[in-house]
Amino acid sequence: METSDVTVPGLLDWLDAPRADRGINTLDLAGEWQYMPYPELAERTRAAAAELTAAGVRPGDVVSIIHRNGPGFVTAFFGALAAGATPSPVVPPTLFQDRTSYSRHMGAILGLAAPRVVVVETELAEQLGPALSEHGHRPLTLGTAVEPAPPARRAARPHTALLQFTSGSSATPKGVVVSWEALQAQIGLLVRWLGFHSGNACGTWLPIHHDMGLVGMVLPSVVTQSNLWVMQPDQFITGASRWLRLLGSGAVQITAVPPFSLKHMLRRVRDEDLAGCDFSRVRVNVVGAEPIDSRVLDAFTRRLAPFGWPTGALVPAYGLAEATLAVTGKDLDVPTDHVRVDRGRLRLGEKVVVDSGEVPVDEPLELAASGSVLPGVTVDVRDEAGDPVPEGVLGEIVVGGSSLADGYRGHEPWPGEFVTGDAGFFWQRRLYVLGRLGDSLKVRGVQLFAEDLENALGKAEALRQARYAVVLGTLEGQDTVAALVVKQPGEWSAEVFHELGRQARGLRVVVAAVNRGAVRRTSSGKPKRRAMFEQLMTGTIDGVVVHDSAKEES
């Protein structure tokens with residue numbers, strides 16, 4: 001880990017002495033990089049604080065922010081803090097597929113946040129006006145007033161520095177209340193661990209409203225006044241090669257991505273796209289937000305190695321919004337730890353069978369470690385009774401420490417710890433995460449995880465270029481595993497059905513050929529497994545079932 005004697009600036013210190021030689025670079029819609037130095041960013045932030053105060057924002061109020069990635073979001077966020085208010089990011093509509101579902105999602109968030117004002121990017125104001133009006137709000141656009149508000153005195157810092165909404169991968173989004181101290185502690189952890197303090201530049205395409213993009217990339221960059229390179233999520237999805245060329249230019253040393261994006265780049269990027277790239281200056285590429293398949297890490301490193309990709313640059317980590325962000329992470333510049341465990345003997349509260357060369361592993365499962373516990377954080381693994389288990393025993397992950405959030409908005413505060421609902425175990429002081437307990441089934445004492453089955457399906461040739469998700473639940477009284485595959489019905493389904501049946505240990509197996517919108521993900525890219533299974537259960541899935549073992553056997 002990075003040294004602990006580094007002094008980390010306060011959240012708003014950069015406003016008092018902004019560096020003229022650094023700033024934010026944003027890729028515009030024309031594909032050109034636009035630069036804003038920190039002095040201009042500071043001036044706009046102070047103006048934003050004045051506008052918010054003039055609009056009636058008072059210390060302790062919530063300011064919801066609907067804005068795409070870029071300096072406008074940064075000025076609104078820090079402007080709210082400077083006004084003594086609590087910023088609360090809301091996913092912008094471009095990440096949703098239809099206006100009805102977006103309006104419903106936005107309404108649920110605004111209902112919980114109860115903001116004094118809703119700051120909206122100028123380009124989105126007309127589009128969002130009717131939906132905001134429906135929920136009792138009107139858009140406030142910053143920087144468009146004819147007469148600028150007079151500069152406001154910086155208000156006392158708010159107790160709550162961030163109202164962060166969860167992604168909604170397993171339930172309706174919840175408002176995580178992050179105190180000033182918790183946010184400052186998490187930023188300090190990231191600055192020291194990842195090396196923001198050393199003048200390293202950061203690059204991100206992650207959604208800025210989400211904890212990994214906001215807390216992990218943007219806030220440490222601004223607080224330390226590091227150079228920051230920003231793309232939109234859809235610019236990455238449609239132009240993964242453009243993102244890699246940025247990394248290969250040497251401009252960026254720190255970044256972070258979810259595992260699915262590594263697969264996306266492996267599928268989309270060709271050798272000619274990488275011509276002239278030199279990745280040797282990439283120091284840290286954090287990989288988190290969902291369980292990590294070690295094979296994907298290895299494949300990505302091998303693919304980019306001829307272009308200088310450093311062996312230890314991929315940094316697996318584990319985190320969650322309830323802990324503000326990071327909980328565990330790999331030491332930098334060292335290889336990732338891996339283990340092979342017996343998939344067929346994964347039982348909560350029991351010892352995981354690790355392949356040591358002495359004990360035979362009948363059903364091997366490759367796992368990548370999510371690193372060791374980060375400074376200031378506590379992590380326990382507990383059994384179903386809530387008792388801590390020793391190293392090597394599978395249980396539920398419980399987190400605490402200086403960056404733990406206060407609790408969910410509208411609920412009782414947490415008692416100094418948070419039970420995550422994620423299953424994992426420690427091995428040689430490294431944490432291995434298997435998946436969410438809400439996305440798993442116990443079959444004859446063995447725990448099956450949707451993520452594990454999904455990774456296993458990756459071996460199927462029929463799914464090499466396909467988008468798909470695995471969901472688990474009870475269908476017509478039977479424990480069921482289902483694969484939703486974005487493909488037209490065809491011969492491919494037999495291979496998928498056979499492979500899933502082999503992995504499913506006697507469960508009912510369903511394979512559905514679905515349209516693209518049926519494989520639903522949160523704005524941060526996580527599968528909405530519960531929602532997808534409910535649609536399968538109610539017969540409202542956008543597609544057709546091509547195989548069902550319960551019906552084919554009968």
Side-chain angles (χ1 to χ4, degrees), residues 258-260 262-263 266 287-303 305 311-318 328-331 334-373 379 381 383 389-397 422-437 439-461 463 470 472 481 499-507:
F260 83 84
L262 299 179
K263 298 178 185 178
L266 288 171
V287 183
E290 56 192 75
I292 300 165
D293 186 345
S294 61
R295 295 171 302 178
V296 175
L297 300 181
D298 293 342
F300 188 84
T301 298
R302 287 196 306 270
R303 179 74 176 80
T311 303
L314 293 181
V315 178
Y318 170 69
T328 68
K330 181 180 80 69
D331 290 338
V334 299
T336 299
D337 294 302
H338 300 74
V339 296
R340 278 168 33 113
V341 303
D342 196 325
R343 185 204 319 266
R345 286 185 269 185
L346 290 174
R347 293 174 173 83
L348 288 174
E350 295 187 16
K351 201 163 186 64
V352 176
V353 177
V354 177
D355 184 2
S356 62
E358 300 175 1
V359 179
V361 176
D362 299 325
E363 300 179 49
L365 170 63
E366 297 273 355
L367 295 174
S370 293
S372 53
V373 179
V379 181
V381 176
D383 61 20
V389 299
E391 180 172 280
V393 174
L394 182 64
E396 187 170 12
I397 300 169
D422 293 328
F425 64 95
F426 278 103
W427 184 256
Q428 296 179 349
R429 301 179 66 185
R430 306 291 188 264
L431 182 66
Y432 291 83
V433 182
L434 278 88
R436 292 200 59 78
L437 289 167
D439 298 328
S440 66
L441 286 173
K442 185 181 288 186
V443 184
R444 293 186 293 278
V446 176
Q447 208 78 29
L448 287 182
F449 295 92
E451 296 93 337
D452 177 20
L453 295 170
E454 211 167 76
N455 288 334
L457 275 187
K459 301 174 184 177
E461 185 65 32
L463 298 184
V470 170
L472 297 170
V481 54
E499 180 61 27
L500 195 59
R502 193 174 70 82
Q503 303 284 343
R505 312 184 68 82
L507 297 183

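The figures here come from the full heavy-atom set of this structure, side chains too, leaving out hydrogens, waters and symmetry mates.
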> Say you draw a straight line from NE2 of H338 to CD1 of I292; how long is it, rounded to the nearest 0.5 Å?
Replying inline: 9.5 Å
>> Once salt bridge (charged side-chain N to carboxylate O under 4.0 Å, His left out) is applied, do any residues pair with R303, and if so which ones, sequence neighbours excluded?
In response: D271
>> On a heavy-atom basis, which atom in V393 and which in G349 lie closest, and how many Å separate them?
In response: CG1-C, 3.5 Å
>> How close do K330 and G312 get, counting heavy atoms only, and between which atoms?
In response: NZ-O, 3.2 Å
>> Could you check whether any side-chain heavy atom of V379 comes within less than 4.5 Å of a side-chain heavy atom of Y318, counting everything from C-beta outward?
In response: no
> Mind checking what makes side chain to side chain contact (heavy atoms under 4.5 Å, CB included) contact with A305, not counting sequence neighbours?
Replying inline: none
>> I want to check something: taking the side chain as every heavy atom from C-beta on, are W427 and V352 in contact at a cut-off of under 4.5 Å?
In response: no
>> For P364 versus R343, what's the shortest heavy-atom pair and its separation?
In response: O-NH2, 3.6 Å
>> Please check this pair: side chain of E454 against backbone of V470, looking for a donor-acceptor N/O pair closer than 3.5 Å.
In response: yes
> For the residue pair G288 and P259, what are the closest heavy atoms and their distance?
Replying inline: O-CD, 3.1 Å
>> I'd like to check L453 versus V481 (side-chain heavy atoms, cut-off strictly below 4.5 Å). Are they in contact?
In response: yes
> Do D337 and Y432 have side-chain N/O donor and acceptor atoms under 3.5 Å apart?
Replying inline: no
>> Measuring from atom CG of L365 to atom CG of L346, what distance do you get when rounded to the nearest 0.5 angstrom?
In response: 6.5 Å
> How long is the span from the NZ atom in K351 to the CZ atom in F425, to the nearest 0.5 Å?
Replying inline: 10.0 Å
> Tell me, do I397 and V433 make a side-chain contact under 4.5 Å, heavy atoms counted?
Replying inline: yes
>> Just to verify, what does D293 make a side chain to side chain contact (heavy atoms under 4.5 Å, CB included) with, not counting sequence neighbours?
In response: R295, V296, N455
>> Working to the nearest 0.5 angstrom, can you tell me the gap between L507 CG and L472 CG?
In response: 7.5 Å
>> Strictly distance-based, threshold 3.5 Å: is any side-chain N or O of S372 a donor or acceptor partner for the main-chain N or O of R429?
In response: no
>> Could you check whether any side-chain heavy atom of V373 comes within less than 4.5 Å of a side-chain heavy atom of L431, counting everything from C-beta outward?
In response: no
> Residues in side chain to side chain contact (heavy atoms under 4.5 Å, CB included) with T301, at least two apart?
Replying inline: W309, L314
>> Restricting to salt bridge (charged side-chain N to carboxylate O under 4.0 Å, His left out), what partner residues turn up for E391, sequence neighbours left out?
In response: none
>> For the CZ atom of R302 and the CG atom of L297, what is their distance to the nearest 0.5 Å?
In response: 10.5 Å
> If we only count heavy atoms from C-beta on, is the V341 to D355 side-chain gap below 4.5 Å?
Replying inline: no
> When rounded to the nearest 0.5 angstrom, what distance separates CZ in R345 from CG in L394?
Replying inline: 14.0 Å
> Looking at residues at least two apart in the chain, or sitting in another chain, which of them share a side chain to side chain contact (heavy atoms under 4.5 Å, CB included) with E350?
Replying inline: R347
